[in-house]
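Notes to accompany the following structure.
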Amino acid sequence: VKRYDLIVLGGGAGGLTVAAGAASMGAKVALIEKQEQPGGDCLHYGCVPSKALITAAKNVHHARLAAREFGFTLDGEPDFLQAMKRVKAAVSDIQKHDDADRFRDMGVDVFHGFGSFKDDHHVEISGGEMLFGKRIVISTGSSPVIPPIEGLREAGFLTNETVFDLQDKPDRLLVIGAGPIGLELAQSFARFGTQVTVADFAPGLFGREDEEIVSSIQSVLEKELTLLLKTKVQKVERLESGEKLVTVIQGSEEQKIIADYILVATGRRPNTDRIGLEHTGVHTDNGYILVKETLQTTVPHIFAVGDVLRDFPFTHAAGMEGKVVVANAVFGLRKKINYDHVPWVTYTDPEVFHLGLTEKEARGKYGEDIQVYKVTLDDVDRFVTDRETNGMVKVITDKKGVILGAHAVGKDAGDWMQEIVFAKQHAHKIGDISHVIHPYPTHGAAVQRAADQFWRHKLFAGVLPKLLKRYIQWFR
Ligand SMILES: Cc1cc2nc3c(=O)[nH]c(=O)nc-3n(C[C@H](O)[C@H](O)[C@H](O)COP(=O)(O)OP(=O)(O)OC[C@H]3O[C@@H](n4cnc5c(N)ncnc54)[C@H](O)[C@@H]3O)c2cc1C
């Protein structure tokens, strides 16, 4: 039995952060990864391939728009296979950062195999090798949920794990699930010329976004996709031609849809069912691992990071959690995780940015003691010059201007909204952003315009304007 200071079970976004951090501090670290190469979902089936496909699709879309507007013609169809090659190239370029040998060079013992607990300190790797860990980190990630729809398994379907292997562009694609993963991919395929229908039984897109933000992006997506909301996918039949005949029910109305492929994007489930947690004292809820703020599980020397935790299934959250675990598992500190300032972005075009509370959540928590500042992008010069005015910024603060939430729909919103994450995290009030000089004309001016409203509101509401008027009269 090989003995380690730290065993990391799963070499994705969370596990790699822990392994690299712990090894650089001098800990003896074992990393167990079941795939040929570390990198996890984000690199192989998630963030990286999806963003590569999104950019390829965006280029195609904007070439078409330019042709229409500037009176030139485009010949032929975009080469879908070329786009998929580009996706693979992006994955392979970034794989270099996550390569097993690179981690070996850092001093990490990398094991290839499926790891599972034998008890609170022992992990067995498929093939029989047994490791002892003084401390252990669970970072096994998540998998797509496959809904129990009649005939779906028999008919066949794609998930994020198989969709990037397509060689031919589907003519008709049904996406089940109108969350971030489903919509990012749906829009990309539509831009390559696939006829895309998205079905979801929820009444709105995205689940966790602010209602106004949802209607803003929905009006854009509806121009490119067929969105069937409040719709249940009832049954799938595979026709002799290989096509799928799908029965959906919207309200009391039944509809038949023919699709070449079905992409299932109905949520994620944590990969915790087959890792031998029953041999440990680690508790779960619905499969998600329960942790304290120190990211310790119910067994203090076992930690968990990433998608095995319920609330923030993002690469940057897994990275942030990984750093907390390095501090606690390697140095024995009691550092606590804080999710108050974790943003996320959905990379549709335009992008959707999210930070903190939505207006509804803020009203639920603080009642009427909040302020909401909104700017539509047709009021921001740079978006007007770009002819990209779809979208808005919405900032929610308390009465004193403390930022509670910030949301946006807009071209590249994930980049220019970052300013507000910095402000929130460092306890700056919204009014402070107003004093920061923004070069004219940048997209970030949208944030400044929202911040300006704070001062306008202060100057023109309440007792201040009356006092000001009196002072000016006296001064004259
Ligand atoms: C299509 C899609 C797009 C996404 N886009 C974004 C995005 O743009 N931005 C963003 O922040 N997030 C995005 N995400 C989410 C992001 O991919 C995850 O939040 C992130 O990968 C979670 O990291 P993790 O370390 O928990 O899991 P992973 O990165 O998946 O790593 C888990 C690793 O554990 C291994 N493993 C599992 N079980 C075992 C075992 N028993 N033994 C050994 N190894 C095991 C797996 O093979 C895997 O390598 C996206 C996800 C998807 C599906």
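Atoms within each ligand, like the ligands themselves, are counted from 1 in listed order. Small disclaimer: the values here were computed from a predicted structure and weren't measured.
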Do [X] and [Y] have a side chain donor and acceptor closer than 3.5 Å?
{"X": "Q187", "Y": "H61", "answer": "no"}
{"X": "D109", "Y": "Y4", "answer": "yes"}
{"X": "H341", "Y": "K424", "answer": "yes"}
{"X": "E161", "Y": "T159", "answer": "no"}
{"X": "N271", "Y": "S142", "answer": "no"}
{"X": "D349", "Y": "H62", "answer": "yes"}
{"X": "D386", "Y": "H443", "answer": "yes"}
{"X": "Q95", "Y": "H44", "answer": "yes"}
{"X": "E209", "Y": "W344", "answer": "yes"}

Considering the heavy atoms of [X], write down every atom of ligand 1 situated less than 4.0 Å from one of them.
{"X": "G11", "answer": "33 (C), 34 (O)"}
{"X": "Q35", "answer": "47 (O)"}
{"X": "L9", "answer": "42 (N)"}
{"X": "R268", "answer": "53 (C)"}
{"X": "I275", "answer": "41 (N)"}
{"X": "S139", "answer": "32 (C), 33 (C), 34 (O)"}
{"X": "F314", "answer": "11 (O), 12 (N), 19 (O)"}
{"X": "S50", "answer": "3 (C)"}

Please report which non-hydrogen protein atom sits nearest to [atom], along with the residue it belongs to and the distance in Å to one decimal place.
{"atom": "atom 41 (N) of ligand 1", "result": "G115 O, 3.0 Å"}
{"atom": "atom 39 (C) of ligand 1", "result": "T140 CG2, 3.6 Å"}
{"atom": "atom 15 (C) of ligand 1", "result": "P313 O, 3.5 Å"}
{"atom": "atom 36 (N) of ligand 1", "result": "K34 CE, 3.7 Å"}
{"atom": "atom 50 (C) of ligand 1", "result": "C47 N, 4.0 Å"}
{"atom": "atom 33 (C) of ligand 1", "result": "E33 OE1, 3.6 Å"}
{"atom": "atom 19 (O) of ligand 1", "result": "D307 OD1, 2.8 Å"}
{"atom": "atom 34 (O) of ligand 1", "result": "G10 CA, 3.2 Å"}

From the options [options], select the one whose nearest heavy atom is closest to [atom].
{"atom": "atom 3 (C) of ligand 1", "options": "P270, G276, G46", "value": "G46"}
{"atom": "atom 17 (O) of ligand 1", "options": "C42, A304, A13", "value": "C42"}
{"atom": "atom 5 (N) of ligand 1", "options": "Q37, K51, H316, R274", "value": "K51"}

Quick one: do E211 and K360 make a salt bridge, cutoff under 4.0 Å? yes
What do you reckon, does D41 have a nitrogen or oxygen under 3.5 Å from a nitrogen or oxygen of ligand 1? yes
Would I181 count as being in polar contact with ligand 1, using the rule that some N or O on each side must be under 3.5 angstrom apart?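 No; every N/O pair is 3.5 Å or more apart.
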Mind checking whether [X] and [Y] have ring centres under 6.0 Å apart?
{"X": "H122", "Y": "F117", "answer": "no"}
{"X": "Y347", "Y": "F353", "answer": "no"}
{"X": "H121", "Y": "F132", "answer": "yes"}

Is the contact between [X] and ligand 1 made by the side chain, the backbone, both, or neither, using heavy atoms and a 4.0 Å cut-off?
{"X": "N160", "result": "side chain"}
{"X": "W344", "result": "neither"}
{"X": "E184", "result": "neither"}

Proximity flag P144 to ligand 1, non-hydrogen atoms under 4.0 Å: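 Under 4.0 Å: no for P144.
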State the OG1-CG distance between T197 and L225, to the nearest 0.5 angstrom. 8.5 Å
Go through it in stages, so that I can follow the logic: the residues are R64 and N59, the test is side chain to side chain donor-acceptor pair (under 3.5 Å), and I'd like the CA-CA distance, side-chain angles, deciding distance and then a yes or no. CA-CA 9 Å; R64 281 214 188 93; N59 291 346; over 6 Å; no
